[in-house]
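Working notes, structure below.
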Protein chains: 2
Amino acid sequence: MNKVSEKTIERISLYRRRLVSELAESDFVLSRHLADISNSTDVQVRRDLMHLGCKGAPRKGYSTKELLKSINSFLDPIKSKNVIIVGLQNFSRSIFSVFKDRKQKLSLVACFDIDESKVGTSIDGIPCYHIDNLSSKIKEMNVNIGILSCSDSNAQSVSDMMIVAGIKSIVNFTCHPLNITRSDIYIEQIDITAAFEKAAYYSKSILFNADKINKINKIK
Amino acid sequence: MNKVSEKTIERISLYRRRLVSELAESDFVLSRHLADISNSTDVQVRRDLMHLGCKGAPRKGYSTKELLKSINSFLDPIKSKNVIIVGLQNFSRSIFSVFKDRKQKLSLVACFDIDESKVGTSIDGIPCYHIDNLSSKIKEMNVNIGILSCSDSNAQSVSDMMIVAGIKSIVNFTCHPLNITRSDIYIEQIDITAAFEKAAYYSKSILFNADKINKINKIK
DNA sequence: AACTCTTTGTGAAATTTTTCACATATAGGT
DNA sequence: ACCTATATGTGAAAAATTTCACAAAGAGTT
Ligand SMILES: NC(=O)c1ccc[n+]([C@@H]2O[C@H](COP(=O)([O-])OP(=O)(O)OC[C@H]3O[C@@H](n4cnc5c(N)ncnc54)[C@H](O)[C@@H]3O)[C@@H](O)[C@H]2O)c1
Ligand SMILES: NC(=O)c1ccc[n+]([C@@H]2O[C@H](COP(=O)([O-])OP(=O)(O)OC[C@H]3O[C@@H](n4cnc5c(N)ncnc54)[C@H](O)[C@@H]3O)[C@@H](O)[C@H]2O)c1
């Protein structure tokens, strides 16, 4: 099977959420409808779904149940992955609720901080360890995914530690974009600075999505 | 001048940050060096910088001072833009520190919540109003940019209110991706769910950035 | 002042992503 | 049983983005 692009993965993630929320009641969904609620086009949806090896029926669309099952087995790991988070402050506390709310194939197993006053406490039953124990705990708990939410200045060194200890994916929320040096580690940068700067840039002019929206409307 | 792609804007935002941090001491920077610290390639950097109308010198590179000036005038609005944030909880508190730390061409002027216990308080001197005042305050304070960090279930309705009131850009941090219906409004979705799902997806296999990194290494 | 060597700037090629166009399938009506 | 209208699935075209390849510039060297 062909390599699936990162953008496609993102869209499929969104389709799934639409399926379990807006479309939970429907037996079938049309590519057009899924496109409408995912800021996409029907062709794009069908192209994306091609990767799942899941068939739709002409005039009926896709069985939501089948489609959901295909997406699950495409996106999700077989067995749940262990996740840790470094930096226990406001930001990470908001992440906790995300993990609490949704049953993903991800389980948050520990958090780490350098601040002695936090070490030894626990939030929602998740223990907080000192950052010095990062490496040993990662190995001990078989952690695959690390969330970075420490201070910007320590982001690079903590990520280096994570990688050495065997972590495979890092979601970096700090404002310090990491240097990607290894090809076998996935690093997702949530670049909030760039987000704000883009927002400022586009608020200057008008008609950014114009092309896209015109195209979407055209076919409606 | 040709239209500049969103990806290019993102990269330019990153170049700027590298210029003011890692490169603050240097008089000149080579495209190759900027590429190295921005997970990019030298050609990509030069292509991006072409849009700025700023010239580099063969064998010397780009004057960091000049380059910074060009990027500023490209990215930043002439006069500071006013920003508001809706939803005053852990997440938005972490945003506050981002605004406090960096002097951007953005000023956070107000926040809004539906929770009466928060209304009337203020954080870092920023007042919190009731969400019912959203529209009037946006107009009164001439707000251009809105940050969404309320509960997921209210994201769509709050964003609708923002748009009706005249906001031009929305940065949506909630887990509910908004439906984009207007071409004259820029919406930046920070899709944390997709981020985690991608992290899980790629932690399954190995060698994601392989191609990219191989290419970067090849030319080093 | 000529030469060399490195780096910029950019057409053109390559690659990736999206869109078009249409053959194919089939539900529902008659 | 046949017709029609609507959706899917996908080669092929188009558009967007990235990379290649190399001419031109000019700093440093002899
Ligand atoms: N991407 C986003 O959406 C987003 C939004 C808000 C904030 N942020 C970023 O997230 C990060 C955290 O935000 P915050 O407001 O909670 O920040 P904060 O600075 O208040 O908290 C950082 C925490 O990390 C801990 N820490 C520092 N160095 C450490 C180390 N080496 N090892 C372990 N722990 C360490 C500190 O003790 C503190 O508890 C910041 O980088 C901020 O810029 C990102
Ligand atoms: N993108 C990211 O990086 C990221 C990270 C963490 C959390 N989040 C998301 O950010 C959002 C906020 O996170 P949190 O932990 O602070 O959430 P929270 O649910 O604890 O807080 C939401 C706040 O919004 C207020 N609110 C609810 N409805 C409102 C309305 N209609 N108008 C005004 N205010 C309203 C609530 O009173 C509360 O104060 C959530 O949607 C969460 O999923 C995003």
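Just so it is clear, the values below take in all heavy atoms, side chains as well, and ignore hydrogens, waters and symmetry mates. Proteins get letters first, then strands, A, B, ... in listed order; numbering begins at 1 in each.
When the options A:Val164, A:Val86, A:Leu178 are evaluated for a side chain to side chain contact (heavy atoms under 4.5 Å, CB included) with A:Ser159, the one that passes is A:Leu178.
The separation between B:Glu6 atom CD and D:dT18 atom C1' is 17 Å, rounded to whole Å. In this structure, CG of A:Asp48 is placed 10 Å from C1' of C:dT18, rounded to the nearest angstrom. Between A:Asp42 atom CG and C:dT19 atom C1' there is a gap of 10 Å when expressed in whole angstrom units. Taking atom NE2 of residue A:His51 and atom C1' of nucleotide C:dT18, one finds them 12 Å apart after rounding to whole Å. Between the P atom of C:dT17 and the CE atom of A:Met50 lies a distance of 15 Å, rounded to the nearest Å. Atom NZ in A:Lys60 sits about 8 Å away from atom P in C:dG28, given to the nearest Å. Separating the CG atom of A:Leu49 from the P atom of D:dG9 is a distance of 8 Å, rounded to the nearest angstrom. In this structure, B:Leu67 atom CG and C:dG9 atom P are separated by 10 Å, rounded to whole Å.
In this structure, of C:dG28, C:dT7, C:dT10, it is C:dT7 that holds the atom nearest to the side chain of B:Leu30. Comparing atom distances between the A:Lys55 side chain and each of D:dT19, D:dG9, D:dA7 picks out D:dG9 as nearest. Closest approach to the A:Gln44 side chain among C:dT18, D:dT18, D:dA7 is made by C:dT18 (side chain taken as heavy atoms from C-beta onward). Of the candidate nucleotides D:dA21, D:dT18, C:dT19, D:dT18 has the atom nearest to the side chain of B:Arg11. The A:Arg46 side chain lies nearest to C:dA21 when the options are C:dA21, C:dT18, C:dT7. The side chain of A:Lys7 lies closest to C:dT18, out of D:dA27, C:dT8, C:dT18. With D:dT17, C:dA25, D:dT19 as the candidates, the nucleotide lying closest to the side chain of A:Pro58 is C:dA25.
A close approach under 4.0 Å does not occur between any side-chain nitrogen or oxygen of A:Ser31 and OP1 or OP2 of D:dA7. Here A:Thr41 does not reach the OP1 or OP2 of C:dT18: none of its side-chain N or O atoms lies under 4.0 Å away.
The six-membered or imidazole ring of B:Phe74 lies near that of A:Tyr201, with a centre-to-centre distance under 6.0 Å. Aromatic pair A:Phe173/A:Phe91: centroids less than 6.0 angstrom apart.
Side-chain atoms of A:Arg59 come within donor-acceptor range of the base of D:dA5, with a qualifying N/O pair under 3.5 Å.
Summarising the geometry of B:Ala165 relative to B:Lys139, their closest heavy-atom pair is O-CG, 3.7 Å, with the distance given to 0.1 Å. Of all non-hydrogen atoms in B:Ser38 and A:Asn179, the two that sit nearest each other are N-OD1, 4.4 Å.
A:Thr8 comes within contact range of no nucleotide atom at all, as no heavy-atom separation falls under 4.0 Å.
Toward the 5′ end of DNA chain D lies the nearest nucleotide of A:Arg47, the other residue of the pair A:Arg47 and B:Ala57 mapping further downstream.
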